[in-house]
Amino acid sequence: MAQIIDGVSRTFNEFLLLPNRTRTECATETVDLSTPLVRHARGERSAIELRTPFTSAIMQAVSSPELAIALARNGGLSFIHHNRPIEAQAADVRTVKNFKAGFVASDTNVKPADTLGQLQELMVRTGHSTAAVTDDGTGSGRLLGLVTSRDFHPQRHDADEPVASRMVPVDALACSREDVTLSQANARLWDERLDCLPVVDGEGRLRHLVFRSDYSDNKRFPDQLVDAEKRLRVGAGVNTHDYRERIPQLVEAGADALCFDSSDGFSDWQAQALVWSKKHFPDVPVGGGNVVDAEGFRFLAQAGADFVKVGVGGGSICITRDQKGIGRGQASAVLDVAAAREAFAEETGQYVPICSDGGLVHDYHMSLALAMGADFVMMGRYFARFDQAPGAKLPTRDGFVKEYWGEGSNRARNWQRYGQGGQGLIFEEGVDGYVPYAGDLSEGLAVTIAKMKSTMVSCGAMTVQEFQSTARLTVVSEQSFQESHATVAVRETPDSVA
Ligand code: RVP
């Protein structure tokens, strides 16, 4: 006969945190959100620590290189999605690893013989007013000069004139070599009154451009998540079908962490793949999932997972529960797995971080997930709303929306994630939809972080670890849930409408 486990399946909406005593030294400025990403000996530090406890979902509609760069600059980590050819995913990993804060790859490039008319069109297309003139017209060709929108005017200069006639030739330009640091580059920009400093290699090939504005931009991100060589960190999703070919190329491209991506990770295939990965690439952290209970966690931890993702059926675009009747309320799943993680650490001395993946609707749900024992969270809907996410931004009557679709939808056709017994989707486990547009990632995440720190201050916790060990939660009744919301008619301000 089937077994019915104790307890009901609960969601984050059913819980609230109780305030704890707040000591005088506990303030939003002193709260530290850093948290371990990968397995480590208890009492020691994890080889990779996130500076903020956020990861972006392994989804086509979410984890692009642009989003990965923006999230890493804010202390979190993206896992570049894998439902496509290996080379394309590895190229995205490289793009993030090659990003040098403040050093931009030139995207507005021409050859000397190109016309001013062509240059004008290109500048409109890229929105940039400085173009590099290179021998082959690419951003990595031999630098011959720079031309800016101040060097020509469509009404004064013939559109058929070659760019060479208006460019400032390389001999007359201030340039730096590749080993220049951002602060040295910035000093030159000010001392020599430059707007732009090209950086070239030993053969005169263009590597980057440094602009004045990029220096101050870089100062905005004190929590950047970087490796030992100061390159931004990035993760990559992998699957249990082609991992033998995919993992070597992702590692070669510089991926800092991998994660087996499955809607149900409690399987022999995933255990075998984890064992293979740890055997061939022992130094590359690899996570597993998704699971929803102690048994699933223990299975993956014993197979070598460096972190375990928790959550089945709770994602905003997910219809697995409707379609297959499989899943568990996210709060119950996190609580159960967190207890198993503690027991595993007690027995083995190994701490295996856990990630609460999917179903985080409100900012306070992220704090609840941490309080319940998650070391970090993974989100799709949240990140899909920002400029940096790949979905198209579309106008509506009231503003804008961004496209957001599930990996189990016909649009994504990620059959590797949804083992339905063949190389295709027989039925959908996700939907294709829209989310409200939310602007720039850094600005949106700053508000979320402010709320999270404020919650932790009320709970008297200065670190994520302290929060996990001292948080007190209560289950809310239907009546008290209603009491949580404003009970007057709310006056609409421009902010509340947005
Ligand atoms: P959410 O943040 O609620 O949008 O959920 C994102 C998570 O949902 C992903 O990290 C993944 O675990 C899960 N997902 C992705 N696609 C689908 C689906 O099509 N059912 N589910």
Side-chain angles (χ1 to χ4, degrees), residues 11-13 53-63 67-68 71 76-83 235-239 259-266 270 287-292 296 307-331 333-334 337 354-363 365-366 368-369 374 376-386 389-391 401-420 425-436 438 441 444-445 448:
T11 70
F12 290 125
N13 264 350
F54 309 105
T55 61
S56 69
I58 310 170
M59 297 174 71
Q60 293 166 42
V62 182
S63 290
L67 192 119
L71 182 52
L77 188 75
S78 286
F79 287 87
I80 300 285
H81 68 91
H82 59 91
N83 182 24
V238 288
N239 64 71
C259 184
F260 280 100
D261 177 38
S262 169
S263 61
D264 170 12
F266 195 177
Q270 191 161 130
N290 283 11
V291 301
V292 287
F307 60 90
V308 173
K309 280 203 298 128
V310 181
V312 173
S316 58
I317 28 49
C318 185
I319 51 172
T320 293
R321 294 183 193 168
D322 292 344
Q323 297 282 61
K324 299 197 334 189
I326 305 274
R328 192 176 194 186
Q330 189 64 9
V334 170
V337 174
I354 61 172
C355 166
S356 175
D357 175 18
L360 299 167
V361 180
H362 301 293
D363 287 354
H365 286 171
M366 303 170 204
L368 286 179
F376 54 98
V377 298
M378 176 172 275
M379 298 180 291
R381 184 199 61 85
Y382 177 86
F383 287 116
R385 301 170 309 143
F386 294 125
V401 290
K402 292 264 295 182
E403 295 177 321
Y404 180 43
W405 61 99
E407 288 298 304
S409 67
N410 272 336
R411 176 161 179 186
R413 301 206 71 79
N414 186 349
W415 60 268
Q416 295 96 325
R417 189 172 205 273
Y418 298 89
Q420 293 177 9
L425 288 181
I426 303 164
F427 58 91
E428 287 186 292
E429 291 191 44
V431 298
D432 183 0
Y434 305 101
V435 286
L441 182 146
L445 197 59
T448 299

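A quick note: this is a predicted structure, and the numbers were derived from the prediction, not measured. Whatever order the structure lists ligands and atoms in, that order sets their numbers, starting from 1. Quick note: numbers below take in every heavy atom, side chains included, and nothing from hydrogens, waters or symmetry partners.
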Quiz prompt | Contact check, Arg417 vs ligand 1, heavy-atom distance below 4.0 Å | solution = yes
Practice problem: Check Phe383 against ligand 1 and report side chain, backbone, both or neither, counting heavy atoms closer than 4.0 Å. | Solution: neither
Quiz item: Heavy atom of Tyr418 under 4.0 Å from ligand 1?
Solution: yes
Quiz item: Would you say Gly380 has any N or O atom under 3.5 Å from an N or O of ligand 1, going by distance alone?
Solution: yes
Exercise. Run the contact test for Gly311 against ligand 1 with a 4.0 Å cut-off on heavy atoms, strictly below, and give the result.
Key: no
Quiz item: If you round to the nearest 0.5 Å, how far is OH of Tyr418 from NZ of Lys324?
Solution: 9.0 Å
Quiz item: What pair of heavy atoms forms the shortest contact from Val62 to Pro390, and how long is it?
Solution: O-CD, 3.4 Å
Exercise. Looking only at non-hydrogen atoms, find the nearest pair between Ser78 and Ser56 and report the distance.
Key: OG-OG, 2.7 Å
Quiz prompt | salt bridge (charged side-chain N to carboxylate O under 4.0 Å, His left out) between Glu429 and Arg417, intermediate numbers included | solution = CA-CA 10 Å; Glu429 291 191 44; Arg417 189 172 205 273; over 6 Å; no
Practice problem: Just let me know how Tyr404 lines up against ligand 1, side chain, backbone, both or neither, with a heavy-atom cut-off below 4.0 Å. | Solution: side chain
Quiz item: Rounded to the nearest 0.5 Å, how far does CG of Asn290 lie from CE of Met378?
Solution: 8.0 Å
Self-check item: Per-atom contacts of ligand 1 with Asn290, taking only distances under 4.0 Å to non-hydrogen atoms
Solution: 12 (O)
Practice problem: For residues Tyr404 and Ser316, determine if any side-chain heavy atom of one lies less than 4.5 Å from a side-chain heavy atom of the other. | Solution: yes
Quiz prompt | Closest protein heavy atom (residue, atom, distance) for atom 20 (N) of ligand 1 | solution = Glu429 O, 2.7 Å
Quiz prompt | Proximity of Val361 to ligand 1 by residue part, where a heavy atom lies under 4.0 Å | solution = neither
Quiz item: Relative to the heavy atoms of Ser316, which atoms of ligand 1 are at a distance of less than 4.0 Å?
Solution: 1 (P), 3 (O), 4 (O), 5 (O)
Quiz item: Short list, please: which atoms of ligand 1 are under 4.0 Å from a heavy atom of Gly315?
Solution: 3 (O), 5 (O), 8 (O)
Exercise. Kindly identify the option in Gly358, Cys318, Ser356 whose heavy atom sits closest to atom 5 (O) of ligand 1.
Key: Gly358
Exercise. Give yes if a backbone or side-chain nitrogen or oxygen of Gly359 is under 3.5 Å from a nitrogen or oxygen of ligand 1, and no if not.
Key: yes
Quiz item: Is there a nitrogen or oxygen of Arg381 sitting under 3.5 Å from a nitrogen or oxygen of ligand 1?
Solution: yes
Quiz item: How about Ser409 and Ile317: do any of their side-chain heavy atoms sit closer than 4.5 Å?
Solution: no
Practice problem: Please write down residue, atom name and distance for the protein heavy atom closest to atom 19 (O) of ligand 1. | Solution: Gly408 N, 2.6 Å
Quiz item: What protein heavy atom is closest to atom 7 (C) of ligand 1, reported as residue, atom name and distance in Å?
Solution: Asp357 OD1, 3.5 Å
Quiz item: Does the side chain of Ser356 come within less than 4.5 Å of Val377's, by heavy atoms?
Solution: yes
Exercise. Considering the heavy atoms of Met59, write down every atom of ligand 1 situated less than 4.0 Å from one of them.
Key: 9 (C), 15 (C), 16 (N)
Self-check item: Closest contact, heavy atoms only, Gly430 versus Ile319
Solution: N-CG1, 3.5 Å
Self-check item: Shortest protein heavy-atom distance from atom 14 (N) of ligand 1, along with the residue and atom involved
Solution: Ile317 CD1, 3.7 Å
Exercise. Taking the side chain as every heavy atom from C-beta outward, state whether Gln330 and Thr11 have any atom pair closer than 4.5 Å.
Key: no
Self-check item: Rounded distance (nearest 0.5 Å) linking atom CG of Leu445 with atom CG of Leu71
Solution: 7.0 Å
Self-check item: For atom 16 (N) of ligand 1, the protein heavy atom that lies nearest, with its residue and separation
Solution: Glu407 N, 2.9 Å
